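Not measured: the values here are computed from a predicted model.
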Number of protein chains: 2
Amino acid sequence: MTTRRKSPVETEAIQPQMCSVDVRQHILRHVPFFAMLSEEDIGRINQSFREQGFEAGEPIYYAGDPAARLYVVAAGKVKQMRHSLTGQDVLLDILSEGDFFGSLSILGDETYPDTVLAQTGICALSIDSEGFREILQAYPPVALEVLNITGQRLRGAQEAVHQLSAYSVEQRLAYTLLKLMDKLGEAQEVGVLIQMPLSRDDLAAMTGATTETISRIMSQFQKAGWIKSGRQWVAIRDSEALREVAAGG
Amino acid sequence: MTTRRKSPVETEAIQPQMCSVDVRQHILRHVPFFAMLSEEDIGRINQSFREQGFEAGEPIYYAGDPAARLYVVAAGKVKQMRHSLTGQDVLLDILSEGDFFGSLSILGDETYPDTVLAQTGICALSIDSEGFREILQAYPPVALEVLNITGQRLRGAQEAVHQLSAYSVEQRLAYTLLKLMDKLGEAQEVGVLIQMPLSRDDLAAMTGATTETISRIMSQFQKAGWIKSGRQWVAIRDSEALREVAAGG
DNA sequence: CGCTGCCTTGATCTTCTTCAAAACGTGTGG
DNA sequence: CCACACGTTTTGAAGAAGATCAAGGCAGCG
């Protein structure tokens, strides 16, 4: 049953039934900030959510759209982006199963500051801001957990600011690859494979550099035997070496 | 009663009594996320806080210290920083009256990822993580408000990432000055004065550039008549022009 | 009145971008 | 199953933005 494709990344097609009502409750149970609730409570919460499928490349929403809903990724990966007037795009984060995005501020009316795109086919659960606020009020432990996660993300974003301010592209790329490995890595023969389609363009948008510069450095890394990479995929073979580069070796 | 100093910035000395128990309750009432509580509740919360004064330049804590407390700025300004192995420092944020910093994650045990320094003399209220968690549990509306503010900060940090990735130093500096003006601006004859001691080094650490580059661009801005600046102070005279530069004019 | 620390300015050098073109891999349609 | 066509990746050469190195100037303080 070997296919003919070259990329080791398995872009498991998101089946419509993965989004069905039947499995929604199961998915919600595995969302970090609902994990502590009883089956009964989750059932109640479930009713406020609705599910939605998106194909790879499709936008979930655009920057500037009125911010009305909060989303939870049930399956697949999404890219959270900001675009500039110059056309230069910045990839802020990659979110996967259990991560949330969208409207957090309880005070309605604003617009989304970023664009979110489906990187693979995805299934998302969503709820309107009003409904989410009600859940947070009804279940204070959930609010604390959401606060916790948001705090962690804030620190992550501050670390990114630090990186961009103080380190070279080479260091930032090494750091980014390590972070992706921690988040999406999967041990395989080629090395620890980053389980998602990932182009040089994506890496450029994540590190604040150009495609060409990233390509050059990736070639170096590969020549050194630290990574193995092809069209839209990357595997890490020597994370220790990358760690040293990231730290300024 | 005119002094001989040149800087228009008033570095009002923080008097010890500003930190006294008497006025603590008054201060807590003006902290955004306690504003909705009754006088009685604030009185109860008050007992968990302790006050502490710091002189200008003094550290509140260093990166790597065990993260045990959450702080609220009662008076003065603090700098939230990250340092790099290379000695290059990054200024993540400037916090003033009513802002909080320190240990947010409820799950104890970690260390602070950043260093916080008193930029002016300051008075801070602080509470241990345990006590803060209890408050959040006892007063769910407070938790929601803290979540809200944290969400806003996350967006601010993501905007900084965007800026660093996509815009020139000139644009970032213009943007930074405008942000400081919004936060700390005070109308005076010279223009809208940024009410705090602010060196070229500080601006360099905020924009991810070197002191020299910042100095050059500040000279340009001043020559153009958009700002007026001296030793450790800046006033904005033409915010519209800066806005245009920041937007890529 | 001189010292210390902040700010300015210039010259050079490095890093990264930009522009351009060729090579490669993947999926498609014949 | 093969060959073509497209988007991704690579590589090169020239250019620009900003860092680094090095002096000198100026303000405020003791």
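The interatomic distance linking A:L203 (CG) with D:dT8 (C1') rounds to 13 Å, in whole Å. Note: OH (A:Y167) to P (D:dA19) measures 16 Å, nearest angstrom. Atoms CD (B:Q232) and C1' (C:dG5) sit 9 Å apart, rounded to a whole Å. Protein atom CG of B:L173 is 13 Å distant from nucleotide atom P of C:dC7, rounded to whole Å. When the P atom of D:dT9 is taken as reference, atom CD1 of A:I214 falls 11 Å away, rounded to whole Å. Distance CD (A:Q88) to P (C:dT18): 7 Å, rounded to an integer number of Å. Atom CG of A:L164 is separated from atom P of C:dT15 by 18 Å (rounded to the nearest Å). The CD-P distance, from A:Q220 to C:dC16, rounds to 10 Å in whole Å.
Among the atoms of the strands shown, only primed sugar atoms or phosphate atoms (P, OP1, OP2) are found under 4.0 Å from some heavy atom of A:S199. As judged by a 4.0 angstrom heavy-atom cut-off over every strand, B:S215 is placed among the base-contacting residues. Residue A:S168 is classed as a sugar-phosphate contact, given heavy-atom separations below 4.0 Å to backbone atoms only.
Distances shown here put a side-chain N or O of B:R200 below 4.0 Å from the OP1 or OP2 atom of C:dT8. OP1 and OP2 of D:dG18 both lie 4.0 Å or more from every side-chain N or O belonging to B:T210.
Judged by atom type and distance alone, A:E212 reaches the base of C:dC19 through a side-chain donor-acceptor pair under 3.5 Å. For A:R216 against D:dG12, a side-chain-to-base donor-acceptor contact under 3.5 Å is present. Under 3.5 Å, the side chain of B:R231 and the base of D:dG28 form no donor-acceptor pair of N or O atoms.
In this structure a side-chain-to-backbone donor-acceptor pair under 3.5 Å is present from B:K183 to B:I94.
Comparing B:D201 and A:T213, the nucleotide of DNA chain C nearest to each residue sits closer to the 5' end for B:D201.
Using the six-membered ring where Trp is involved, A:F101 and A:Y71 have ring planes that are parallel, under 30° apart on the 30 and 60° scheme.
The pair B:K79-B:D202 meets the salt-bridge criterion, with a side-chain N (NZ, NE, NH1 or NH2) lying under 4.0 Å from an Asp/Glu carboxylate O.
A cation-pi arrangement is absent between A:R216 and A:F221, since the terminal nitrogen or guanidinium carbon is not both under 6.0 Å from the aromatic centre and inside a 45° cone about the axis.
Within 6.0 Å of NZ in A:K228 there are 12 or fewer heavy atoms belonging to other residues, nucleotides or ligands.
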